[in-house]
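Numbering of residues begins at 1 and proceeds along the displayed sequence. Just so it is clear, the values below take in all heavy atoms, side chains as well, and ignore hydrogens, waters and symmetry mates. These numbers were taken from a predicted model, which means no experiment stands behind them.
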Amino acid sequence: MTATASRLARLSVGTSGWSYRSWQPGFYPEGAASEDFLRFYATRLPSVELNSTGYRLPSEEQFARWAAAVPDGFRFAVKAPPRALRDVATFEERVRALGDRLGVVRFVVESPRDDGLLALLLGSTSLPVALDLRDGSWDGVDVAPAVRVDDWEAGAPFRYLRFREPPHPDEELAATAGRLRRLLDTGVHVYAYFRHEDEPTAPAYAERLLELIRADER
């Protein structure tokens with residue numbers, strides 16, 4: 001395996017969601033049915049962030065159908081609903097239906113620092129966890145073995161990055177790709193997602209990032 005291939009195997013890059021009709025025909029083929037979007041998406045990108053799961057937890061059967069629609073090596077990052085913070089077992093049982101397509105789960109915490117909640121959460125699951133801590137009182141708190149969202153320096157075998165603003169100009173993406181190469185070369189697995197916009201810019205950014213990572217092959 002080449003160095004670049006090894007990097008790509010550890011880079012799960014994609015978009016926040018996939019089921020957007022406004023991406024047709026810019027990303028999805030003209031005439032493609034919405035139920036085929038995920039299958040097509042997975043031919044072009046290796047990962048997707050599930051955000052709708054943060055509002056309504058799907059059934060195990062739905063997770064299994066999503067897993068069956070994508071190839072080996074594809075990874076789902078799953079946003080947990082608020083109630084999962086205190087009922088991790090039910091959430092974990094559902095998402096494990098993704099099998100080896102399950103990547104990282106993201107928990108959004110809007111409330112102030114609560115060490116008991118953190119201990120309960122991290123002690124209740126063996127899943128890789130990314131914490132989206134929205135209140136400033138969490139600053140400086142050690143969350144190991146989880147990682148904080150957008151913490152490039154986390155002391156864990158993976159990172160979780162969410163790109164919320166469009167990268168302008170292209171040099172910004174090139175700089176991000178260089179930073180990612182250095183991180184991937186240390187053996188870290190990176191999950192990275194671009195924010196959905198009405199136009200299919202997010203998948204374009206994700207594909208461009210992959211192209212830049214592959215550039216070492218040429």
Side-chain angles (χ1 to χ4, degrees), residues 9-17 46-64 66-67 73-165 179-180 182-196:
R10 293 192 298 275
L11 178 59
S12 296
V13 62
T15 65
S16 296
S47 187
V48 72
E49 183 183 58
L50 293 173
N51 278 326
S52 61
T53 55
Y55 305 99
R56 180 178 179 275
L57 185 61
S59 66
E60 290 180 57
E61 291 76 16
Q62 180 61 71
F63 280 117
W66 285 335
F74 191 91
R75 295 289 180 269
F76 291 92
V78 185
K79 180 182 179 181
R83 69 174 182 273
L85 287 168
R86 298 187 182 277
D87 184 13
V88 181
T90 299
F91 172 72
E92 182 167 345
E93 182 179 11
R94 299 276 185 92
V95 299
R96 284 200 179 277
L98 289 170
D100 61 6
R101 273 71 164 168
L102 175 59
V104 175
V105 297
R106 177 169 65 97
F107 287 87
V108 176
V109 182
E110 303 277 2
S111 57
R113 176 175 176 172
D114 182 338
D115 292 342
L117 174 63
L118 181 63
L120 175 65
L121 172 60
L122 299 183
S124 300
T125 182
S126 58
L127 296 173
V129 170
L131 293 173
D132 199 340
L133 302 170
R134 303 287 178 88
D135 191 275
S137 60
W138 289 100
D139 292 351
V141 175
D142 181 7
V143 300
V147 301
R148 292 172 182 263
V149 171
D150 292 332
D151 183 359
W152 287 75
E153 308 301 327
F158 67 97
R159 303 289 188 276
Y160 197 104
L161 309 174
R162 306 185 79 225
F163 301 118
R164 303 293 88 189
E165 298 297 329
R179 194 176 181 187
L180 283 174
R182 293 189 291 274
L183 188 57
L184 294 164
D185 285 346
T186 67
V188 168
H189 193 123
V190 176
Y191 297 85
Y193 303 101
F194 290 88
R195 181 180 183 176
H196 157 252

field: N/O donor-acceptor pair under 3.5 Å between W152 side chain and L180 backbone
entry: no

pair V109-D135: side-chain heavy atoms closer than 4.5 Å: no

message: Please report the interatomic distance NE2(H189) to CZ(R75), rounded to the nearest 0.5 Å.
response: 6.5 Å

- prompt: With no hydrogens and no angle check, is any side-chain donor or acceptor of R10 less than 3.5 Å from a backbone partner on L184?
  reply: yes

- request: Determine, stepwise, if the pair L117 / R86 fulfils side-chain contact (heavy atoms from CB on, under 4.5 Å).
  value: CA-CA 8 Å; L117 174 63; R86 298 187 182 277; 3.9 Å; yes

query: Does the side chain of L133 come within less than 4.5 Å of V143's, by heavy atoms?
result: yes

message: So V104 and V147, do their side chains get closer than 4.5 Å, heavy atoms only?
response: no

query: In Å and rounded to the nearest 0.5 Å, what is the OG1 to CH2 distance from T53 to W66?
result: 6.5 Å

query: For the residue pair V48 and F74, what are the closest heavy atoms and their distance?
result: N-CZ, 3.8 Å

field: Heavy-atom closest contact (Y193 atom, A77 atom, distance)
entry: OH-CB, 3.4 Å

- prompt: Which distance, rounded to the nearest 0.5 Å, do you find between the CG of D132 and the CZ of R148?
  reply: 10.5 Å

message: If I compare all heavy atoms of T186 with all of L183, which pair ends up nearest, and what's the gap?
response: OG1-O, 2.5 Å

query: Side-chain contact, heavy-atom cut-off 4.5 Å: E49 with K79?
result: no

Check against side-chain contact (heavy atoms from CB on, under 4.5 Å), L50 and F63: CA-CA 11 Å; L50 293 173; F63 280 117; 4.1 Å; yes

Inter-residue atom distance S124.OG - E92.CD, 0.5 Å rounding: 9.0 Å

message: Could you tell me if the side chain of T90 sits less than 4.5 Å from the side chain of R83, heavy atoms only?
response: no

message: For E110, is the CD atom crowded, meaning more than 12 foreign heavy atoms sit under 6.0 Å from it?
response: yes

- prompt: Is a donor on one side and an acceptor on the other found under 3.5 Å between the side chain of R162 and the backbone of D150?
  reply: no

message: So does A156 get a backbone contact from the side chain of R159, meaning a donor-acceptor N/O pair under 3.5 Å?
response: yes

query: From S16 OG over to R195 CZ, what is the distance, rounded to the nearest 0.5 angstrom?
result: 9.0 Å

- prompt: Does S47 reach the main-chain N or O of V13 with its side chain, forming a donor-acceptor pair under 3.5 Å?
  reply: no

- request: Please state whether the rings of Y160 and Y191 are parallel, tilted or perpendicular, taking 30° and 60° as the class boundaries.
  value: parallel

message: Quick check for you: to the nearest 0.5 Å, what is the distance between W138 atom CH2 and L118 atom CG?
response: 5.0 Å

- request: Please say whether more than 12 non-hydrogen atoms of neighbouring residues, nucleotides or ligands are located less than 6.0 Å from CZ in R96.
  value: yes

- line: Between G103 and P128 the two heavy atoms that sit nearest each other are O-CG, 3.6 Å

query: Please walk me through it: do T15 and H196 pass side-chain contact (heavy atoms from CB on, under 4.5 Å)?
result: CA-CA 7 Å; T15 65; H196 157 252; over 6 Å; no

- line: Heavy-atom nearest pair, D151 first then A154, reads OD1-N, 3.3 Å

- line: Closest non-hydrogen atoms of V129 and L131, given as atom of the first, atom of the second and distance, are CG1-CD2, 3.8 Å

task: Might you work through the side-chain contact (heavy atoms from CB on, under 4.5 Å) test for L98 and V78, ending with a clear yes or no?
output: CA-CA 10 Å; L98 289 170; V78 185; 3.8 Å; yes

